[in-house]
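Values below: every heavy atom of this structure, side chains too, minus hydrogens, waters and symmetry copies. For reference, positions follow the sequence shown, starting with 1. Fair warning: this is a prediction, and the values are worked out from it, not measured in the lab.
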Amino acid sequence: MDYNVVLMEEAEADLDRFIAYLLFEKKNEQAAKNLLDDFEATKISLSRAAESLKLCDNPKLRKLGYRRINFLSHRYFMLYRIEKGTAFVDKIFHELQDFESNMS
């Protein structure tokens with residue numbers, strides 16, 4: 001089953017912030033392009049495998065139905081929940097961020 005993937009406003013802001021950092025702080029257009037390409041590829045993977053990924057280990061996130069998908073080539077991941085055949089991506093994090101305290 002293919003899932004519709006919806007990027008929520010906060011997740012979109014997260015992605016924009018990461019891209020802006022690469023473009024304006026690191027001044028690396030290629031890195032920003034690579035991250036965007038990886039995001040798009042990960043989104044396609046999510047559309048195909050949303051329900052097959054396990055629920056988060058954190059009890060609060062698990063109770064809310066959150067799952068995690070890692071970007072295919074970068075150290076970022078999406079937290080998402082599934083409702084009626086749609087995967088709603090609520091947040092995007094770098095793996096070094098303390099995501100559990102930001103979502104609980």
Side-chain angles (χ1 to χ4, degrees):
M1 169 182 182
D2 278 359
Y3 293 82
N4 185 30
V5 176
V6 175
L7 194 64
M8 303 304 287
E9 191 173 318
E10 202 167 343
E12 196 170 310
D14 294 334
L15 183 62
D16 288 346
R17 190 172 53 254
F18 295 133
I19 296 300
Y21 173 76
L22 292 170
L23 286 173
F24 303 116
E25 297 292 322
K26 293 297 185 181
K27 304 206 183 308
N28 192 332
E29 288 183 33
Q30 188 61 52
K33 181 190 179 317
N34 291 345
L35 180 59
L36 275 175
D37 290 347
D38 193 16
F39 165 75
E40 291 298 331
T42 303
K43 212 167 88 167
I44 291 168
S45 291
L46 178 58
S47 74
R48 295 180 181 147
E51 206 154 13
S52 68
L53 300 174
K54 72 177 191 137
L55 290 166
C56 290
D57 292 332
N58 177 292
K60 289 180 184 176
L61 296 178
R62 177 184 291 270
K63 185 176 180 182
L64 294 170
Y66 279 107
R67 298 166 192 259
R68 170 181 172 159
I69 185 167
N70 295 328
F71 278 38
L72 303 174
S73 303
H74 290 81
R75 296 176 65 189
Y76 295 89
F77 64 91
M78 301 180 212
L79 279 186
Y80 69 95
R81 58 196 158 77
I82 299 170
E83 292 179 18
K84 298 178 183 168
T86 299
F88 292 95
V89 178
D90 288 324
K91 290 287 290 174
I92 299 173
F93 293 100
H94 187 277
E95 68 181 32
L96 296 177
Q97 287 179 274
D98 178 14
F99 74 95
E100 291 177 337
S101 66
N102 284 318
M103 291 297 294
S104 302

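Relative orientation of the F71 and F39 rings is tilted, given thresholds of 30° and 60° on the angle between their planes. Classified by interplanar angle (parallel below 30°, tilted 30° to 60°, perpendicular above 60°), the ring pair F93/F99 is tilted.
Atom CZ of R62 and atom CZ of R67 lie 9.5 Å apart (nearest 0.5 Å). L53 CG to I69 CD1: the interatomic distance, rounded to the nearest 0.5 Å, is 5.0 Å. The CD1 atom of I92 sits 10.0 Å away from atom CG of L79, with the distance rounded to the nearest 0.5 Å. For the atom pair CG (N58) and CD (E100), the distance works out to 4.5 Å, reported to the nearest 0.5 Å.
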Can I get a per-line list of side-chain donor-acceptor pairs under 3.5 Å for residues 21-28, giving both atom names and the distance, sequence neighbours left out?
| from | atom 1 | to | atom 2 | distance (Å) |
| --- | --- | --- | --- | --- |
| K27 | NZ | F24 | O | 3.1 |
| N28 | OD1 | Q30 | N | 3.3 |
| N28 | OD1 | A31 | N | 2.9 |

Identify all side-chain donor-acceptor contacts of residues 81-89 below 3.5 Å with residues at least two apart in sequence or on another chain.
| from | atom 1 | to | atom 2 | distance (Å) |
| --- | --- | --- | --- | --- |
| R81 | NE | D90 | OD2 | 2.5 |
| R81 | NH1 | E83 | OE2 | 2.8 |
| R81 | NH2 | D90 | OD1 | 3.1 |

Before giving the answer on side chain to side chain contact (heavy atoms under 4.5 Å, CB included), spell out for I44 and V5 the whole-Å C-alpha distance, their side-chain angles and the decisive distance to 0.1 Å. CA-CA 8 Å; I44 291 168; V5 176; over 6 Å; no
Mind running side chain to side chain contact (heavy atoms under 4.5 Å, CB included) on Y76 and D38 for me, showing each step along the way? CA-CA 10 Å; Y76 295 89; D38 193 16; over 6 Å; no
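Residue R48 qualifies as open at atom CZ: its count of foreign heavy atoms under 6.0 Å is 12 or below. No more than 12 heavy-atom neighbours from other residues, nucleotides or ligands sit within 6.0 angstrom of CD on E29.
R68 places no side-chain N or O within donor-acceptor distance of the main-chain N or O of C56, the cut-off being under 3.5 Å. Judged by distance alone, with hydrogens and angles left aside, the side-chain atoms of D14 form no donor-acceptor pair with the main-chain N or O of K91 at under 3.5 Å.
For the residue pair H74 and N34, the shortest heavy atom distance occurs at CE1-O, 3.5 Å. Shortest non-hydrogen contact noted between E51 and Y3 is OE1-OH, 2.6 Å. Pairing each heavy atom of L72 with each of T42, the nearest pair is N-OG1, 3.2 Å.
The same ILVMFWY cluster, assembled from side-chain heavy atoms under 4.5 Å apart, contains both L7 and L46.
L96 belongs to no multi-residue hydrophobic cluster, having no ILVMFWY side-chain contact under 4.5 Å with any other such residue.
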